[in-house]
Structure formats: C-alpha cells, structure tokens
Amino acid sequence: MYDYERLRSYAEKISSKIGFAPKVGIVLGSGLGDMADRMQSVYSCSFTDISGFPMSTVEGHAGQFIFGYISDVPVMCMQGRIHYYEGYSMEEVVLPIRFMAMLGVESVILTNAAGGVNKDFKTGDIVLLTDHIATFVPNPLINPNVDELGVRFPDMTEVYDGKMREIMKNVAQKENITLKEGVYLQFTGPSFETPAEVRMAGMLGADVVGMSTACEAIAARHAGMKVCGLSFVSNPAAGLGEAELSHEDVQKASKLSAQRMADLIKSFCAQIK
Ligand code: HPA
C-alpha cells in the first residue's frame, strides 16, 4: 500500500509551486503526447521526481506531468501513463489518477489508442466512450479502501459523465470532427488480442479494445472526479484487418488523430471555462 500522507504532502508542495488548482486532468495516450505543446505550460515534473512513483517504461510515453493552461482553464496533463502490463500493481497504475484528485482536479479526460472491434469504425476514428468492461483486469480498488478518496463500494452506473459527453459532442460538431460512440473493453496486454478474443469482446458489447483507461476511470470515479474517455482507433482489432499488429504502427496511426484530439480537448476547455 502506498503512503497516502506522503502523496498528500507532495500534492501540497506542487500546489504551492504552481500557484493554482488544476481543474481538468488530461491523460495522453500512445502517440498523443504532443498535445502538451498546445498548452501554456507553467511547470512540469517527471513521475520519478515524486519518490516512490511508478515510471512509464513504454516507448512513446514520456512519463511527466505538465501543469498550465488550455483555453485559460487550469489543467494538468499526464504525458504518458502507467500500464498494468509493465508489472505494476493496479493500485500503482492508478496512483497518478489519485494524485490528480488530491491536487483538486474535478474532471479528467482519458485518451488512448485502441483497436476497433465495431466494424463501422475505421482507423483514425475518434470514439467517445459511453461505458466500459473492466472485468478482464483486476479492479484497482482491491486493497483496504482509501477513505480519504472515496467510499468502499463506489457506484459505476455512469462512469463516463453525461454532461461531459454532451459538451464533447457539441464541440466536435463545431470543430467539424466526427465523433463515434462506443464501449471500451480493457484487456491486460501486452500481447494484442487473438481474433477469437476480439470476437468475444464484440459479443460482450465492446466497440473498442485497449490496455488502459477503464481502471483509471474506476479510480477517478472512486475519487469523485467526472470522467470523459476518448479512444482513437489506431487499427482494426486482430482478425478484422489485413495487417499484423505492432506498437510502432499504433504510434504512427495516432498521428492521424492527434491533431483532431487536441482540437477537441482545447475547445472542450474553452467551453467549460
Ligand atoms: N488491442 C489492444 N490495445 C490496443 C490496440 C489493439 O488492437 N490498438 C491500440 N491499442
């Protein structure tokens, strides 16, 4: 179990350095790190500057927090995330999300690269998450409850906030960006799925599959933050496309959506100002 008090004191230290409470937290998935260039940065630190913090070991994940403003809204961006498949416990994986809550973040935007299961989805599509299936990974709240953050048995009826979704849909329309909607299913990775697993995911009601996000959304909801999830389809999931899957191709494909994803987030911030 991590030391809640230690994290608390680090949050206080950071707060005094940045001089504002971030209102929105943004987690940038594979290949989307450049989005941080769009913000007016005030302060940044590496995950490793926080003693005991897990470090992102994945290619394309910088592993730093950037504090600043997007459309005049105080935000913190997590450039790169921690994945369960890196060998960290689920509790460690969601530590940065809990850190966001401690700093005062009210709403989080979780972005990720995902495989398209829904046959109507194409590579490059952006999908607004309506719900998730997290049953194939351990729940990040397993362990004694952190009462300071939330209740033992948090409700998950509406993980992805209805109001945030409405705002996202409105700004997408204004920006002329097509937004698909769908259910995210999290597998552990790091191997990509087999075609049989992808068929199963589809039968269970999933539209996209990935290796992150659902666990973060659970931890965020537990801590009382509102959640918005955006997947970009980096490839048709296994068995639905022609090509073999690779992390390099996922990163390359992410460049297709990075610009639109950044426009969406920027307009979203302007809207909630
Ligand atoms: N499966 C799981 N995770 C992913 C995929 C995929 O096909 N593409 C990008 N992340």
Side-chain angles (χ1 to χ4, degrees), residues 26-35 56-63 78-88 90 93-94 109-138 140 160 179-218 228-262 264:
I26 304 159
V27 180
L28 301 172
S30 285
L32 291 174
D34 297 350
M35 156 89 214
S56 178
T57 61
V58 186
E59 186 69 30
H61 285 255
M78 189 172 150
Q79 211 176 13
R81 53 153 57 88
I82 315 294
H83 302 83
Y84 183 61
Y85 63 70
E86 292 175 76
Y88 295 111
M90 264 303 184
V93 167
V94 301
I109 302 174
L110 307 174
T111 69
N112 61 59
V117 175
N118 185 323
K119 292 188 174 118
D120 293 334
F121 293 179
K122 298 184 305 295
T123 297
D125 277 352
I126 298 180
V127 184
L128 182 64
L129 303 187
T130 54
D131 204 346
H132 72 219
I133 298 168
T135 325
F136 295 93
V137 294
Y160 301 92
L179 258 194
K180 302 279 172 74
E181 290 185 273
V183 173
Y184 180 96
L185 185 148
Q186 181 175 0
F187 285 120
T188 65
S191 52
F192 288 104
E193 300 72 33
T194 63
E197 286 164 340
V198 169
R199 284 196 297 278
M200 172 189 73
M203 281 191 270
L204 294 177
D207 297 291
V208 284
V209 286
M211 307 176 192
S212 64
T213 299
C215 59
E216 296 169 349
I218 292 171
C228 182
L230 290 172
S231 289
F232 71 88
V233 178
S234 58
N235 54 276
L240 298 176
E242 306 289 308
E244 272 189 25
L245 304 183
S246 76
H247 183 57
E248 290 67 37
D249 288 345
V250 166
Q251 282 184 291
K252 265 189 228 152
S254 70
K255 301 283 176 240
L256 286 174
S257 317
Q259 212 58 21
R260 275 173 296 143
M261 200 75 117
L264 266 183

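Order of appearance sets the numbers: ligands from 1, and atoms from 1 within every ligand.
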Evaluate the side-chain proximity of Phe192 to Glu244: yes if any heavy-atom separation is below 4.5 Å, no if none is.
-> no
May I ask you to decide if Gly124's main-chain N or O and Ser257's side chain share a donor-acceptor pair within less than 3.5 Å?
-> yes
Flag the pair Pro140 / Tyr84 as yes when at least one side-chain heavy-atom distance between them is below 4.5 Å, and no otherwise.
-> no
Backbone of Val233 reached by a side-chain donor or acceptor of Thr123 within 3.5 Å = no
Amino acids contacting ligand 1, non-hydrogen cut-off under 4.0 Å = Ala113, Ala114, Gly115, Phe192, Glu193, Val209, Gly210, Met211, Ser234, Asn235, Leu245, Val250
Residues Asn112 and Thr213: side-chain donor-acceptor under 3.5 angstrom | yes
Closest heavy-atom contact between Ala114 and Val208?
-> CB-CB, 3.9 Å
